[in-house]
There are 2 protein chains.
Amino acid sequence: MSDGKTILNEWADAGECELPGENATDQALSSTLMKGLEILALFNDQEDRFANSEIARRLGLNRATVSRLCKTLMHMGYLRRDTKGNFRLAPRILGLSYPVLAATRWRHQLVGPMREIAEMSTGNVTLAVMSGDQFVQVQTIGDPISFPHIPEPGITGPLHRSASGRALLSLLEGQELYDKLAELRLRFPEEFATHAEDTAASIARCRDAGFCSSYGDWRPNIVALSTPLGETEDGLRVALSCGLPRFRAREDVVENDLGPRLAEAAKSIRMMGIFKPPYFLN
Amino acid sequence: MSDGKTILNEWADAGECELPGENATDQALSSTLMKGLEILALFNDQEDRFANSEIARRLGLNRATVSRLCKTLMHMGYLRRDTKGNFRLAPRILGLSYPVLAATRWRHQLVGPMREIAEMSTGNVTLAVMSGDQFVQVQTIGDPISFPHIPEPGITGPLHRSASGRALLSLLEGQELYDKLAELRLRFPEEFATHAEDTAASIARCRDAGFCSSYGDWRPNIVALSTPLGETEDGLRVALSCGLPRFRAREDVVENDLGPRLAEAAKSIRMMGIFKPPYFLN
DNA sequence: GACAAGTGTTACGATATTTGAAACAACAAG
DNA sequence: CTTGTTGTTTCAAATATCGTAACACTTGTC
């Protein structure tokens with residue numbers, strides 16, 4: 001409780017943060033590179049193809065500019081054209097990810113425990129790491145059929161509006177937490193305010209009970225549980241989460257059975273010595 | 001046999017291809033975007049961190065330029081700094097890949113058959129697609145421990161110097177094959193010549209016997225078998241491959257037992273109707 | 001068939017972005 | 001305290017990028 005209040009105070013302080021210089025076109029950043037990356041980031045699981053003009057419209061760019069950038073991206077092998085002339089991501093883009101996957105070998109050791117949790121909860125189980133103002137799933141266990149989205153490494157979501165994200169936030173302390181919250185507030189002003197209390201409560205819950213829950217905060221029909229695992233030696237913050245379709249998740253079961261069991265599983269995973277434990281666990 | 005000769009002839013023709021205009025700085029390509037992407041592509045499973053000056057040295061760029069590009073990449077969330085100040089890929093880069101994974105749902109249907117092959121062969125089994133002048137693994141089954149590299153989606157390799165790549169090449173016919181070979185020859189002039197005969201033989205083998213084999217052509221200590229599956233509706237060419245440590249792979253077993261079995265498995269996978277079958281299977 | 005509206009690409013000149021040199025601070029090694 | 005790194009920033013010069021315009025195509029309508 002008092003933890004929650006403390007956080008909310010830090011929160012309020014985070015109101016006065018660096019507005020100056022941010023909205024002006026940062027002359028130290030390469031705008032061309034940004035545009036190219038923004039094109040790649042446009043694609044998602046719902047929209048896997050784009051016409052040139054559609055890209056131009058969404059990013060507010062000239063058609064000619066998009067044409068040249070896409071040509072470059074194709075030349076580099078990250079974009080392809082399908083039979084109808086639309087742009088698609090080329091499989092080669094997976095090659096950029098591989099070094100990250102290869103660097104996180106500890107994932108493989110957690111597959112066993114994750115499977116157990118998946119069976120116990122009859123849900124999806126995921127491993128997420130913090131990356132900037134998002135979490136990124138790096139390992140998933142689950143049935144691709146029973147869910148609307150396909151559980152795969154690479155799914156990203158908001159830190160402040162999801163169980164995984166909040167468990168990750170609970171791993172931060174002091175200045176670092178302060179900075180991250182300021183960043184989030186800056187990036188999503190309205191959303192941040194809406195979810196501030198829930199986020200604070202979830203962070204406190206992670207510290208006190210070892211897990212937090214979210215009822216559709218991110219994906220409307222998914223109830224999620226998450227527990228902070230800790231930090232790897234190379235500085236990645238990791239959380240373990242579990243997702244259930246809403247209709248199958250009774251609140252009292254989630255809070256009094258599943259949650260504690262997930263926290264328990266996290267505890268035994270921490271015994272493996274992969275992670276530097278959260279600061280609040282002595 | 002005659003097929004192999006035909007290919008070799010096409011090969012020879014491929015000698016006279018567009019040298020002009022290629023080496024000059026293509027004014028239609030965005031150089032800044034290319035530099036940024038080259039920075040990201042620098043990382044691999046062996047080298048997962050770089051100092052600013054090291055990047056500058058490898059890409060022949062000014063330190064100041066690299067500083068600005070990396071700042072941009074960090075701003076976009078694809079690069080991070082570790083505690084020692086080195087640049088690393090940020091997990092968020094996985095997010096770029098997810099749309100590709102989500103678009104290839106058929107992968108999941110093949111996990112079962114792939115498991116069977118893995119048990120049968122006691123090796124790694126992978127699903128690879130063609131992307132530009134490389135193959136990219138999109139699904140892997142196997143033991144991360146028994147191999148020097150970690151089997152994961154995102155591993156890329158050469159088309160002309162690997163079993164997977166050659167099986168993929170065997171899916172091309174006519175002009176398309178011609179063009180692809182020309183592209184490969186242009187990009188790897190010396191390597192291409194060295195492996196030309198093996199590549200031609202492997203492509204012929206895929207047509208005749210339904211599989212091809214490679215004894216360390218790509219990874220020195222790995223013997224690989226591969227079979228072409230076909231083409232998906234959205235134009236991705238797919239091959240199914242199997243890798244074994246060399247010491248465990250007796251050549252006669254590979255050629256007379258494992259190979260035919262892999263080809264057989266491919267045949268039954270093709271019955272699932274996911275792929276447009278190779279042109280040479282009427 | 002002819003027309004109109006839309007798309008994607010290529011020139012080309014103007015302009016704005018990027019570039020490299022130089023200076024700086026930080027740091028490590030001698 | 002040097003000396004040699006490294007990473008960042010500034011600034012003017014230069015170059016690469018941008019938008020306009022024109023082109024060839026496609027698509028759909030009448």
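Lettering follows sequence order; numbering is per chain, from 1. Atom set for the values below is all heavy atoms of this structure, side chains included, hydrogens, waters and symmetry mates excluded.
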Starting at [atom1] of [X] and ending at [atom2] of [N], how long is that distance when rounded to a whole Å?
X	N	atom1	atom2	answer
Leu29(B)	dC18(D)	CG	P	13 Å
Ile39(B)	dT18(C)	CD1	P	13 Å
Leu61(B)	dT18(C)	CG	C1'	12 Å

Look at [X] and [N] and indicate whether a side-chain polar atom (N or O) is within less than 4.0 Å of OP1 or OP2.
X	N	result
Thr65(B)	dG20(C)	yes
Thr32(B)	dT18(C)	no
Lys35(A)	dT17(D)	no

Problem set entry | ring-ring contact (aromatic ring centres under 6.0 Å, His included) partners for Tyr78(A), two or more places apart | none
Problem set entry | Per Asn62(A) side chain, nearest of listed nucleotides dG19(D), dA16(D), dT17(C) | dG19(D)
Exercise. Where the side chain of Ser31(A) is concerned, which of dT19(C), dT17(D), dT17(C) is the nearest nucleotide?
Worked result: dT17(C)
Problem set entry | Residue met sooner reading DNA chain C from 5', once Arg57(A) and Leu69(B) are mapped to nucleotides | Arg57(A)
Exercise. Listed by chain and number, what are the side-chain contact (heavy atoms from CB on, under 4.5 Å) partners of Leu101(A), not counting sequence neighbours?
Worked result: Arg107(A), Leu94(B), Glu152(B)
Exercise. Taking all non-hydrogen atoms of both residues, which atom of Phe135(A) and which atom of Ser162(A) are closest, and how far apart?
Worked result: CE2-OG, 3.1 Å
For this session: Determine, for Glu176(B) against Lys180(B), whether the closest basic-nitrogen to carboxylate-oxygen distance falls under 4.0 angstrom.
Result: no
Exercise. Cation over ring, Arg49(B) on Phe87(B), under 6.0 Å and within 45°?
Worked result: no
Report all interatomic pairs (protein N or O, nucleotide N or O of nucleotides 5-8 of chain D) with separations under 3.5 Å.
unit_1	atom_1	unit_2	atom_2	d
dG7(D)	OP1	Asn52(B)	N	3.1
dG7(D)	OP2	Ser53(B)	N	2.7
dG7(D)	OP2	Ser53(B)	OG	3.2
dG7(D)	N7	Arg63(B)	NE	3.2
dG7(D)	N7	Arg63(B)	NH2	2.8
dG7(D)	O6	Arg63(B)	NH2	3.1
dT8(D)	OP1	Arg81(B)	NH1	2.5
dT8(D)	OP2	Asn52(B)	ND2	3.1
dT8(D)	OP2	Ser67(B)	OG	2.9

Exercise. Should we say atom CZ of Arg187(A) is surrounded by more than 12 heavy atoms from elsewhere, each under 6.0 Å from it?
Worked result: no
Exercise. Under 4.0 angstrom, heavy atoms only, what part of the nucleic acid is Lys84(A) near: base, sugar-phosphate, or nothing?
Worked result: nothing
